[in-house]
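Comments concern the structure below.
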There are 2 protein chains.
Amino acid sequence: MAPRSKKTVDATSSPISMADLARELGVSMTTISRALSDHHSIGPATKQRVLKLAKKLNYQPNHLAAALRKGQSKLIGVIVPYIEGRFFATVVHGIETAASKAGFNVIICQSSEDVAQERKNVETLLSAQVAGILVSLSRDTNDFRHFEKVRKRGIPLVFFDRVLESDTVNAVVLNDYDGGYQVTRHLLEQGCRRIGHFAGPQHLNIYRNRRQGYLDALESYQLPPDEQLIIYSDMTLEDGTESMRQLLALPDGGVDAVFSAGDTAVLGALQHLKSKRVAVPQQVALAGFSNEAFTAITEPMLTSVDQRCEEMGQAAVRLFLELAESRGDSAFLQRQVILQPRLFIRESSLQGTPSLDTVAKQANGISC
Amino acid sequence: MAPRSKKTVDATSSPISMADLARELGVSMTTISRALSDHHSIGPATKQRVLKLAKKLNYQPNHLAAALRKGQSKLIGVIVPYIEGRFFATVVHGIETAASKAGFNVIICQSSEDVAQERKNVETLLSAQVAGILVSLSRDTNDFRHFEKVRKRGIPLVFFDRVLESDTVNAVVLNDYDGGYQVTRHLLEQGCRRIGHFAGPQHLNIYRNRRQGYLDALESYQLPPDEQLIIYSDMTLEDGTESMRQLLALPDGGVDAVFSAGDTAVLGALQHLKSKRVAVPQQVALAGFSNEAFTAITEPMLTSVDQRCEEMGQAAVRLFLELAESRGDSAFLQRQVILQPRLFIRESSLQGTPSLDTVAKQANGISC
DNA sequence: TTGTACGCGTTATCAG
DNA sequence: CTGATAACGCGTACAA
């Protein structure tokens, strides 16, 4: 029976509360509260005394208690399909940076591309009493039912990147249409006329819009759409390889360019072309979408469309702050922020005049 | 004076509380509380009635209130230098997945490699009353002072990847030493004898250990260390290029291999070698560290050491849960989890016998 | 098995 | 300018 030391060394000192400060100074808690929250009706002398003691005793405000009382926390909930991967990681970076600048903390949730999980995430965030929710939809989300409660509670809700266009929502999106248009125009200007397209799942706004941009660019050159040249897939590396194989096997000589709605797939295409000794960009020009880091590493380097990931995160937070500002009366005020994509032209799409200085300038522009 | 509609349509219905349920059913709040928290002393009949109504009225528990009451929230705070970039993004993915499985939410903070910011992050998380803190130190953190409060409060604190070895802390780290040792041994087995090393900032445990593994592997082959062959830098792409230039310029014929403590730098080296028409791996073999996605894309593909990012996140959460379990009495119980790295051998380091099937098997192993 | 009453730490309302 | 008091929503000794 070794006598256990009474005054145990790891005494976990309980945190200091406003009541402690009040007792110590012989004033009321109200005074403490006012001093700390910089209220106007407070004597500068007492205020200093309070702040002094707070510093000395290492007072930590309890956000939970404040939130409970005010019915308003300083937490923002974020729901993304997954966090690893450059796009969402960078968006989240933008969100966290902007949010913390505005005094908010960020709770992160992953839906794993699963509606059921997304539903749970919403519940959890509501239970956590978040001040707002920013969400990029899972791949197979088809309706807004699970977001109705959020709206009912008057909690600001902002969608980004992946949204359902069917409904009126606050959203920050990239102008995917323009991205598809720009890149296709670029390929046309390089002299390409049989341009293939790797298209993603069409129920997602982003892939639908990129495809439409592609089609409209063709039309601006009086080129009729050719469904043979559009390959639909989930845009994985293997999908890209297989899609490229299909295009090469077309009866009338294949294509002289491909615009892929994703970089991963275009990488697969590039690998296939190299294995088949098809010269890129001389015989087939390539362009992708997302401006992934590896596009500046491949040989040749890949032309791609930058999605402004970080700006998207910042914009989402800004939009949330606006909505939070005008609580209630903006419930019907639908705000849309549309970011302009940026085309990064690299070797894989330069046919005739290399215009090398332009390339050099932009080649390393992995800004996002 | 347009008369404002009294029954405004966007009536943000206030959330249902336990009191509401109690009133509705004509029972006390205690009963409600017990029914919802699955307490033992509760009639199965009343329990069902409560749960029924809760579902019907869409009751959302208020975690804030519960946390305030219990002095224990269901939040885990995570501090990383930055979130974008594969390593931390994937670790955070692992953390969030494991945490949510255990019923915890994750608050994410970025220190931006800045101690001052890290200090602020700690304060914020304490104010948010998190149940624990997981942290990977900023590059220029040299002491633990700002973590003392965390310890004082008895809040579980777990470090991962970047730690200060000077102190006794709970930590999850990669066996960087072994990673450096393995990869250097591999280069030696390929016949290389003048192996250069790109070393990172030596005050960081990870870079110091990788370097030591390199040195010990050399010694196991009776090769004396040669400080000329070790280039110190911040391991950026440009650093890699410049470091490679320096090694090539050495008087006695340069090197026949390089082990870089980071993939980005080894990529710079590869680019430089290609521009100088030095054959990789025939004239100079290359190996990096981190198993970045691009290592499987370059030509030749780059040999690298995988850091088990996702496992690291999971392990950090597991460790936190253990500590949270045994509150208090484990304050001095120091736990260390050391993950074993995995070497991915690719083309850039294969000299003599290609043993191609081995390569093929591992080439795409971007598991992390 | 159920109900009563109090407290977690903070802020807002009302008197002085 | 300051203080007493009530509430926010929930959990839990204690009593019934």
Side-chain angles (χ1 to χ4, degrees), chain A residues 12-51 53-54 57-75 103 126-131 153-155, chain B residues 12-51 53-54 57-75 126-131 153-154:
Chain A
T12 62
S13 61
S14 55
I16 313 288
S17 76
M18 288 185 11
D20 298 324
L21 299 182
R23 202 176 329 103
E24 190 79 15
L25 285 181
V27 297
S28 83
M29 281 181 46
T30 315
T31 306
I32 306 292
S33 175
R34 286 185 175 140
L36 293 173
S37 53
D38 213 34
H39 197 273
H40 61 273
S41 58
I42 180 80
T46 38
K47 178 170 160 184
Q48 285 313 314
R49 274 183 36 198
V50 172
L51 294 180
L53 186 68
L57 296 191
N58 238 303
Y59 166 76
Q60 296 281 146
N62 186 331
H63 286 174
L64 257 55
L68 175 61
R69 178 59 235 251
K70 299 201 286 192
Q72 255 312 314
S73 81
K74 279 297 194 177
L75 296 172
L126 286 180
S127 283
Q129 311 295 119
V130 294
R153 281 230 217 148
I155 292 178
Chain B
T12 63
S13 61
S14 55
I16 312 288
S17 77
M18 288 185 10
D20 297 324
L21 299 182
R23 202 177 328 103
E24 190 79 15
L25 286 181
V27 298
S28 85
M29 278 183 52
T30 315
T31 306
I32 306 292
S33 175
R34 286 183 176 143
L36 293 174
S37 53
D38 213 31
H39 196 275
H40 60 274
S41 58
I42 179 82
T46 38
K47 179 170 160 184
Q48 285 312 316
R49 274 182 41 202
V50 172
L51 293 181
L53 186 67
L57 295 191
N58 238 303
Y59 167 75
Q60 296 283 143
N62 185 331
H63 285 176
L64 258 57
L68 176 60
R69 176 61 233 263
K70 298 202 289 192
Q72 249 323 308
S73 81
K74 280 296 194 178
L75 295 173
L126 286 180
S127 283
Q129 310 296 117
V130 293
R153 282 229 217 152

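Naming: A, B, ... by sequence-line order, numbering from 1 per chain.
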Nearest whole Å is fine: how far is [N] [atom2] from [X] [atom1]?
X	N	atom1	atom2	value
B/Asn62	C/dT10	CG	P	17 Å
B/Leu68	C/dG7	CG	P	14 Å
B/Arg153	C/dG9	CZ	C1'	12 Å
B/His40	C/dT2	NE2	C1'	13 Å
A/Asp20	C/dG7	CG	C1'	14 Å

For [X], which residues count as a side chain to side chain donor-acceptor pair (under 3.5 Å) partner, sequence neighbours excluded?
X	value
B/Arg69	none
B/Ser33	none
A/Ser28	A/Thr31
B/Ser73	none

Describe the nucleic acid contact of B/Thr31 in one word from base, sugar-phosphate, nothing, applying a heavy-atom distance below 4.0 Å.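 The residue B/Thr31 makes sugar-phosphate contact but no base contact.
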
Original post:
Just checking A/Ser17: base, sugar-phosphate only, or nothing, at a heavy-atom cut-off of under 4.0 Å?
Top reply: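 The answer is sugar-phosphate, as A/Ser17 gets under 4.0 Å only of primed atoms, P, OP1 or OP2.
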
TODO: For A/Ile16 and A/Leu21, run side chain to side chain contact (heavy atoms under 4.5 Å, CB included): C-alpha distance rounded to whole Å, both residues' side-chain angles, the deciding distance at 0.1 Å, then the answer.
DONE: CA-CA 8 Å; A/Ile16 313 288; A/Leu21 299 182; 4.1 Å; yes

- request: Report the distance from atom CG of B/Leu126 to atom CG of A/Asn58, rounding to the nearest 0.5 Å.
  value: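 Atom-to-atom, B/Leu126:CG and A/Asn58:CG are 9.5 Å apart.
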
Quick one: on DNA chain D, does B/His39 or B/Ala65 contact a more 5' nucleotide (nearest heavy atom)?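 The residue closer to the strand's 5' end, by nearest nucleotide, is B/Ala65.
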
Qualifying residues under side chain to side chain contact (heavy atoms under 4.5 Å, CB included), relative to B/Pro15, sequence neighbours excluded =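 Testing B/Pro15 for side chain to side chain contact (heavy atoms under 4.5 Å, CB included), a comparison that skips the adjacent residues, returns A/Arg153.
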
For A/Ala66, give me all partners under side chain to side chain contact (heavy atoms under 4.5 Å, CB included), at least two apart in sequence or on another chain.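 So A/Ala66 forms no side chain to side chain contact (heavy atoms under 4.5 Å, CB included) with any residue.
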
Side chains of A/Asp20 and A/Leu57 in contact at under 4.5 Å (non-hydrogen atoms)
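Side chain of A/Asp20 against side chain of A/Leu57, heavy atoms only: no contact under 4.5 Å found.
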
B/S/- along nucleotides 11-16 of chain C (protein heavy atoms under 4.0 Å) is BBBB--

Query raised in the report: Taking only residues two or more places apart in sequence, or in another chain, which ones meet A/Arg49 in a salt bridge (charged side-chain N to carboxylate O under 4.0 Å, His left out)?
Result: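 None.
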
What salt bridge (charged side-chain N to carboxylate O under 4.0 Å, His left out) pairs are there with at least one residue in residues 34-45 of chain B, not counting sequence neighbours?
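Output for this query lists B/Asp38-B/Lys47.
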
Task: Relative orientation of the end axes in the helix from C/dT1-D/dA16 to C/dG16-D/dC1, expressed as an angle to the nearest 10° (five pairs per end) - done: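 About 40°, once rounded to a multiple of 10°.
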
- request: Check whether any side-chain N or O of B/Ser127 sits under 3.5 Å from a backbone N or O of A/His63 as a donor-acceptor pair, and report yes or no.
  value: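 A pair under 3.5 Å: no.
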
Below 4.0 Å from chain A heavy atoms, what is the first contacting nucleotide of DNA chain D and what is the last?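 Contact span on the strand: D/dC1 to D/dG9.
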
Can you see which heavy atom on A/Leu64 is nearest to which on A/Asn62, and at what distance?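 What the structure gives for the nearest pair is N-OD1, 2.9 Å.
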
For a side chain to side chain contact (heavy atoms under 4.5 Å, CB included) check, start with the C-alpha distance between B/Leu75 and B/Gln129, then their side-chain angles and the critical distance, and finish with the verdict. CA-CA 8 Å; B/Leu75 295 173; B/Gln129 310 296 117; over 6 Å; no

| query | Which residues in residues 42-51 of chain A have at least one heavy atom lying under 4.0 Å from any atom of DNA chain D? | reply |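 Result for residues 42-51 of chain A: A/Ile42, A/Gly43, A/Thr46, sorted by number.
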
Report the residue (A/His63 or B/Gly26) whose heavy-atom-nearest nucleotide on DNA chain C is the more 5′ of the two.
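The residue mapped nearer the 5' terminus is B/Gly26.
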
